[in-house]
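Just below is one structure, and these are the notes that go with it.
Keep in mind it's a predicted model, so treat the numbers as computed, not measured. Here is the naming used below: chain letters follow the sequence lines, and residue numbers restart at 1 for every chain.
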Amino acid sequence: MVKTTIRELTNHEAQMVCLQGWVSNKRSSKALFFIELRDGSGFCQCVVDQNNVSEEVFQKAKDLSLASSVRITGQAVKDDRQIGGYEIKVEDLDVLQIVEEYPISNKAHGIEFLMEKRHLWLRSRRQWAVMRIRSRVKFTIHKFFQERGFIQTDAPIFTGAACEGTTTLFETDFYGDPAYLSQSGQLYAEATAMAHGKVYTFGPTFRAEKSKTRRHLSEFWMIEPEMAYYDLDMDMELIEDFIRYIVTDIYENYKPELEILERDLTLFENIHKPFPKITYDDAIKILKGKKDVDGKNAIQTLENDLAEVKNRIEECKKDIAEREANIAAGGMKKGAVNFNKNKIDTLKQEISKLEEKERNIPQWLESAKNFQHGEDLGGSDETVITRLFDTPVMVYKWPKDIKAFYMKRDEEDDNYVKGVDCLAPEGFGEIVGGAEREDNLDLLVERIKEHDLPMEAFEWYLDLRRYGSVPHAGFGLGFERLIMWLTNVSHIRETIPFPRYYGRLFP
RNA sequence: UGCUCCUUAACUCAGUUGGUUAGAGUGCCGGCCUGUUAAGCCGAGAGUCGUCGGUUCGAGUCCGACAGGGGCAGCCA
């Protein structure tokens with residue numbers, strides 16, 4: 001008998017093994033118990049057969065409850081019906097603790113309840129899969145940059161001033177002086193890039209905006225590469241290689257996790273295609289329906305969506321009415337009545353979600369149709385544009401007034417800057433924001449004044465242009481947004497073990 | 001911060017134009033079933049209807065304030 005983990009079972013086929021874990025589900029019949037065990041490395045069904053075990057072991061199996069901790073000894077048997085491909089024929093059980101009543105059942109829970117129980121929720125199958133992917137992506141990011149000669153450098157978390165101005169920051173007391181928690185490491189990355197050539201930072205970032213949306217956190221992680229002697233084109237090329245590298249790695253190595261998450265794999269299968277690169281001006285034309293993408297029109301697509309939603313609401317209502325009539329007619333068995341009542345509840349919930357969409361889509365249409373050149377793309381605008389693509393899209397050459405002060409002016413047209421946003425497909429929206437940086441001292445000073453930023457706070461930054469200024473570029477990637485996109489979880493709160501956001505500081 | 005929807009059992013939700021004792025499913029507990037994948041079937045227990053105030057003979061239901069949550073927008077990653 002050998003102590004092992006579920007993930008390692010493939011090396012112990014037909015052998016006696018001992019697994020140490022927790023009960024994640026239990027099903028029973030008269031002489032059989034199916035115990036779904038998780039041990040951190042995976043999930044595995046363990047079968048307790050009355051004919052195979054002692055009376056005592058059978059009774060122990062009967063007493064096991066959800067989340068109880070247990071050591072299970074038995075034979076590892078290959079079974080293709082199981083998710084991990086193996087099953088344990090149990091011979092002995094060693095119970096460490098029987099749990100009275102585990103708060104999280106295998107049924108529906110709301111996000112608020114689950115967040116209160118986040119410390120337990122992390123044990124659930126989907127959360128487990130998300131955290132494994134998070135870990136892998138973190139590793140792969142380091143691998144990507146290290147393989148290409150980048151040096152990882154750290155930006156400070158306490159800062160004396162806002163890096164980019166506008167954002168709301170968390171204020172702390174730093175030996176009597178106000179200090180702010182960092183909202184970006186980019187400016188510091190520019191400094192270390194002038195020391196090492198190619199660098200990246202990977203650290204936590206803090207924003208004190210009172211945003212309660214599925215895309216925002218108060219504390220999140222950012223990756224910010226910065227490269228000396230890079231221009232915007234090289235920057236975009238790097239972004240594309242980087243995203244393709246990560247997506248490919250997850251696709252090739254994390255299929256079981258993607259399966260648990262029920263991730264549609266279209267994204268992963270299309271990732272080899274070149275990412276379209278379009279200018280801001282073209283993006284606006286697409287948004288306003290004046291330019292099609294592969295024969296798909298943005299406004300038309302949105303109108304079709306709305307019609308589809310309305311149709312579906314009607315279908316649901318009809319279905320509900322029929323089921324209610326059938327129940328009222330009588331003569332139905334209790335089980336069938338319950339089934340129909342459940343179905344009606346499900347349909348009602350679907351309707352309330354659809355009605356939310358029905359309220360939102362017309363607003364998105366309005367926003368798209370009335371979009372004025374020079375405005376920044378809003379969340380819904382990004383959704384509208386990226387619905388039309390099946391790979392990430394690069395949008396570059398932005399009006400200077402809506403972008404940060406440090407972006408380099410476009411040599412061809414003074415009104416634009418050499419910035420780029422990488423938008424993820426399937427309506428997801430922005431995951432990367434990057435730019436070639438302004439390397440001319442006078443122009444940079446001018447921009448700081450235009451943005452009304454405190455010049456003295458940027459003196460050290462201006463030194464980078466005084467002493468050996470070179471063209472350079474970089475980008476910033478929101479780590480949790482990337483994970484959210486890869487795993488397709490509905491809320492960014494699920495992509496970090498203990499999320500911090502407006503109204504949430506515990507657990 | 002603005003708009004909008006919501007708060008009823010441990011969980012997810014029904015509850016019609018205000019009217020006796022408040023409904024279901026799930027979970028927990030008991031029973032049945034030899035292969036289940038959110039198993040199934042039968043049974044039992046479980047509620048200060050978010051808080052405060054108002055209208056009314058009567059409020060889960062109507063009105064107001066407050067608190068908390070979801071969605072969207074803004075801000076952004």
note = A:S29 has its side chain closest, among B:C33, B:C72, B:G74, to B:C33
Watson-Crick or G-U wobble partner of B:C72, both distances under 3.5 Å = B:G2
message = I want to verify a distance call: between B:G70, B:C76, B:C72, whose nearest atom is closest to the A:D376 side chain?
response = B:C76
query = Under 3.5 Å, is there an N or O donor on one side and an acceptor on the other linking the side chain of A:Q45 and the base of B:U36?
reply = yes
inquiry  = What's A:S28 touching, base or sugar-phosphate or nothing? Going by heavy atoms closer than 4.0 Å.
reply    = base
task = Report yes or no: is the cationic atom of A:K138 (NZ for Lys, CZ for Arg) closer than 6.0 Å to the six-membered ring centre of A:W221, at no more than 45° off its axis?
result = yes
task = Could you measure between the two P atoms, the one in B:G68 and the one in B:U51, and give it in whole Å?
result = 15 Å
ask   = Can you check whether A:R493 has a side-chain N or O nearer than 4.0 Å to OP1 or OP2 of B:G70?
value = yes
message = Both distances below 3.5 Å, Watson-Crick or wobble geometry, any strand: find the nucleotide opposite B:U51.
response = B:A65
ask   = Going from CG on A:N370 to NZ on A:K288, what distance comes out if it is rounded to the nearest 0.5 angstrom?
value = 6.5 Å
request  = Could you measure between the two C1' atoms, the one in B:U12 and the one in B:G58, and give it in whole Å?
outcome  = 31 Å
ask   = Taking atom C1' in both B:G60 and B:U16, what distance in whole Å separates the two?
value = 13 Å
query = Is A:W221 touching bases, backbone alone, or none of the nucleic acid, heavy atoms closer than 4.0 Å?
reply = nothing
inquiry  = Expressed as a whole number of angstroms, how long is the span from A:K117:NZ to B:A10:C1'?
reply    = 9 Å
ask   = How far, in whole Å, is B:G71 from B:G45 if one measures between their P atoms?
value = 38 Å
task = Go through B:C72, B:C76, B:U36 for me and flag the one nearest to the A:R207 side chain.
result = B:C76
message = If I take atom CD in residue A:E366 and atom C1' in nucleotide B:G74, what distance separates them, rounded to the nearest angstrom?
response = 17 Å
inquiry  = Taking B:G30 as the reference, what is the distance to B:C13 when you measure between their C1' atoms (whole Å, please)?
reply    = 26 Å
query = Looking at A:F33 versus A:F58, is the centre-to-centre ring distance below 6.0 Å?
reply = yes
ask   = Which whole number of Å gives the distance between the P atom of B:G15 and that of B:C6?
value = 11 Å
message = At 4.0 Å (heavy atoms only), tell me whether A:D79 reaches a base, stays on the sugar-phosphate, or touches nothing.
response = base
message = On the six-membered ring of A:Y501, is A:R493 placed so that its NZ or CZ lies under 6.0 angstrom from the centre and within 45° of the ring axis?
response = yes
task = Report the residue (A:E36 or A:G110) whose heavy-atom-nearest nucleotide on RNA chain B is the more 5′ of the two.
result = A:G110
inquiry  = Nearest to the side chain of A:E112, heavy atoms from C-beta on, is which of B:G68, B:G71, B:G35?
reply    = B:G68
inquiry  = Heavy atoms from C-beta onward define the side chain here; which of B:C11, B:C75, B:U34 lies closest to that of A:H109?
reply    = B:C11
remark   = Rounded to whole Å, the CG-P distance (A:L32 to B:C32) equals 15 Å
message = Would the base of B:C76 count as contacting A:H216 through its side chain, where contact means a donor and an acceptor less than 3.5 Å apart?
response = yes
query = Closer than 4.0 Å, any side-chain N/O of A:N25 to the OP1 or OP2 of B:A39?
reply = yes
query = Reckon A:L217 touches a base, only the sugar-phosphate, or nothing at all at heavy-atom distances under 4.0 Å?
reply = base
B:A38 to B:U26 separation - P atoms, rounded to the nearest Å = 15 Å
query = Tell me: OH of A:Y502 to P of B:G68, nearest whole Å?
reply = 7 Å
request  = Please report, rounded to the nearest Å, how far the C1' atom of B:A38 is from the OH atom of A:Y102.
outcome  = 16 Å
request  = Give the ring-plane orientation class for A:Y280 versus A:H373, where under 30° counts as parallel, over 60° as perpendicular and anything between as tilted.
outcome  = perpendicular
inquiry  = From C-beta outward on A:N360, which listed nucleotide comes closest to its side chain: B:G70, B:G74, B:C72?
reply    = B:C72
query = Is there a donor-acceptor pair under 3.5 Å between the side chain of A:R38 and the backbone N or O of A:V23?
reply = no
task = Take atom CZ of A:F43 and atom P of B:U36, then tell me their distance rounded to the nearest Å.
result = 22 Å
message = Distance criterion of 3.5 Å, no angle test: do you see the side chain of A:K210 paired donor-to-acceptor with the base of B:G2?
response = no
ask   = Could a donor-acceptor pair under 3.5 angstrom be found where the side chain of A:E87 meets the base of B:G35?
value = yes
ask   = Which nucleotide in the list B:U12, B:G74, B:A73 gets nearest to the side chain of A:F113?
value = B:U12
Value in whole Å for how far the P atom of B:G27 lies from CZ of A:R27 = 12 Å
key: Separation between CD of A:E426 and CG of A:N488, rounded to the nearest 0.5 Å   = 6.5 Å
inquiry  = Using atom P in both nucleotides, what's the gap between B:G27 and B:A65 to the nearest angstrom?
reply    = 41 Å
request  = Can you label the angle between the A:Y461 ring and the A:F458 ring as parallel, tilted or perpendicular, going by 30° and 60°?
outcome  = perpendicular
query = Mapping A:S367 and A:R215 to their closest nucleotides on RNA chain B, which lands nearer the 5' end?
reply = A:S367
query = Which whole-number value in Å describes the distance from A:L64 CG to B:C28 P?
reply = 13 Å
For B:U26, the Watson-Crick or wobble partner whose two distances fall under 3.5 Å = B:A10
query = Which one is paired to B:G18, where only Watson-Crick or G-U wobble pairs with both distances under 3.5 angstrom count?
reply = none
query = Would you say A:R125 reaches B:A38's phosphate, i.e. side-chain N/O to OP1/OP2 under 4.0 Å?
reply = no
